Novice: 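Below you will find the structure I want to go over with you.
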Amino acid sequence: MFTLLRSRVRRAAFALSAIAALAFAGTAATTATGATGAASAPAPAKQGSTSVAYVEVNNNSMRNVGKYTLANGGGNVFDVAVIFAANINYDTGTKTAYLHFNENVQRVLDNAATEIRPLQQKGIKVVLSVLGNHQGAGFANFPSQQAASAFAKKLSDTVAEYGLDGIDFDDEYAEYGNNGTGQPNDSSFVHLVTALRANMPGKIISLYNIGPAASRLSYGGVDVSSKFDYAWNPYYGTWQVPRIALPKSKLSPAAVEIGRTSQSTVADLARRTVSEGYGVYLTYNLDGANRGADVSAFTRELYGSDAVYTP
């Protein structure tokens, strides 16, 4: 049976209340530009897919993403680093959704100078993932366009305040209906994404392709698919093309967990990414150990080079 990428977040949610332009295949263009507020000295450009690293900040440092370069050419292995994860919570008094940071996410944001800016200075985009938190609030059940737009403003304000490069949507663990909240509706996510893209036209919006929101991308003649920069498969060690109308260059049908997905599977999925012309490769759970062998398993296929780990 497939294992959900985000199964590990249950314990974190309960215990804690809980990508200048991206080098996107070397000479390929991207749609996202993130102001970092710091002098930039990016690594040499590389040819090949965009590599994404989710980091569980309850246990690991974002700085780990910047420790991997390519032996051939010295480019960054990873192009996008995802802070996992903030939450969409629910205030039962005001009956509104709000953006919540557990103590570890807040620590990363408060220490942007050491956790985020060093990555951005290397040319790595840093995105904040937002996830449900068992309270009934989710991206798919805003009761009105006004409510969806208000939450979109909270997201874009956070990106601006902390100098981030975008937002990642992960519609899991909302537990729609809890606390008297509504069930998913067809308009909610369309209103949310439309407002967020209007608020931050040069930033990344990515979709972890799971949950009610991911299947509700069109409403009232508006389809928000093109407003996303990326979408990826939500299951470890598998190949599944996201069902969203984006070009192959913005999709990751491959998803792997570093250190747990076998190196042979990691390599097979990377080889297939190249052979079938997809432009993104998703990894999860980069920790502080030397994962050079696991990372090299996909960099050899994507970039023709081993990965070098520098503590």
Side-chain angles (χ1 to χ4, degrees), residues 3 5 8 19 22-28 30 41-57 59-84 118-127 206 230 232-240 248-311:
T3 302
L5 268 175
R8 75 282 181 181
I19 100 179
L22 170 65
F24 176 51
T27 58
T30 67
K46 70 185 181 189
Q47 299 292 323
S49 300
T50 294
S51 292
V52 181
Y54 274 83
V55 178
E56 282 270 16
V57 298
N59 307 305
N60 301 297
S61 170
M62 293 300 296
R63 295 191 300 271
N64 295 328
V65 181
K67 295 179 179 180
Y68 294 86
T69 55
L70 297 175
N72 298 340
N76 296 314
V77 167
F78 297 105
D79 304 287
V80 184
V82 184
I83 302 168
F84 191 79
L119 300 181
Q120 293 173 325
Q121 290 165 10
K122 292 174 181 285
I124 300 169
K125 299 294 185 179
V126 181
V127 173
S206 58
Y230 305 103
W232 27 71
N233 170 17
Y235 301 97
Y236 298 129
T238 73
W239 179 271
Q240 183 181 101
K248 285 185 171 184
S249 61
K250 297 185 176 186
L251 298 177
S252 181
V256 303
E257 181 174 0
I258 294 174
R260 294 194 64 182
T261 302
S262 70
Q263 291 178 22
S264 61
T265 298
V266 168
D268 287 344
L269 291 173
R271 192 176 304 116
R272 187 171 179 181
T273 297
V274 174
S275 68
E276 297 193 19
Y278 288 93
V280 189
Y281 191 85
L282 178 69
T283 74
Y284 162 67
N285 207 23
L286 183 68
D287 60 18
N290 182 348
R291 298 294 182 181
D294 295 294
V295 174
S296 291
F298 68 83
T299 61
R300 282 192 292 266
E301 304 299 333
L302 296 180
Y303 312 119
S305 174
D306 281 331
V308 175
Y309 171 77
T310 304

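From a predicted model like this one, the values you see are computed outputs, not experimental measurements. Just so you know, these numbers use all the heavy atoms, side chains as well, and skip hydrogens, waters and symmetry mates.
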Novice: Using only atom types and a distance under 3.5 Å, with no angle test, would you say the side chain of S296 pairs donor to acceptor with the backbone of A307?
Specialist: yes
Novice: Can we call the ring centroids of Y278 and W239 under 6.0 Å apart?
Specialist: yes
Novice: Hey, are Y284 and W232 close enough side-chain-wise for a donor-acceptor pair under 3.5 Å?
Specialist: no
Novice: Which residues satisfy the side-chain hydrogen bond (donor to acceptor under 3.5 Å, both in side chains) test with D287, sequence neighbours excluded?
Specialist: R291
Novice: Strictly distance-based, threshold 3.5 Å: is any side-chain N or O of S51 a donor or acceptor partner for the main-chain N or O of F78?
Specialist: no
Novice: Please list, chain by chain and in numerical order, all residues satisfying side-chain hydrogen bond (donor to acceptor under 3.5 Å, both in side chains) with S264, sequence neighbours excluded.
Specialist: S262
Novice: Report the residues that fulfil side chain to side chain contact (heavy atoms under 4.5 Å, CB included) with R63, sequence neighbours left out, ordered by chain and then residue number.
Specialist: S61, T114, E115
Novice: V57 and M62: which non-hydrogen atoms are nearest, and at how many Å?
Specialist: CG1-SD, 3.6 Å
Novice: P118: which residues meet the side chain to side chain contact (heavy atoms under 4.5 Å, CB included) condition with it, sequence neighbours left out?
Specialist: none
Novice: Could you work out, with side-chain hydrogen bond (donor to acceptor under 3.5 Å, both in side chains) as the rule, every residue matching D294, not counting sequence neighbours?
Specialist: Q263
Novice: Sequence neighbours left out, what passes ring pair (Phe, Tyr, Trp, His ring centres under 6.0 Å) with Y303? Give chain and number order.
Specialist: none
Novice: Taking only residues at least two apart or on different chains, which pairs with a member in residues 302-311 satisfy salt bridge (Lys or Arg N to Asp or Glu O under 4.0 Å)?
Specialist: R300-D306
Novice: Name all residues meeting the side-chain hydrogen bond (donor to acceptor under 3.5 Å, both in side chains) criterion together with T69; count only those two or more places apart in sequence or in a different chain, and write none if there are none.
Specialist: none
Novice: For a quick check under 3.5 Å, do T238 and N233 share a side-chain donor-acceptor pair by atom type?
Specialist: yes
Novice: Among all residues two or more places apart in sequence or in another chain, which pass the salt bridge (charged side-chain N to carboxylate O under 4.0 Å, His left out) test with R272?
Specialist: E276
Novice: Would you check, one step at a time, whether the test side-chain contact (heavy atoms from CB on, under 4.5 Å) holds for V280 with S49?
Specialist: CA-CA 5 Å; V280 189; S49 300; 5.9 Å; no
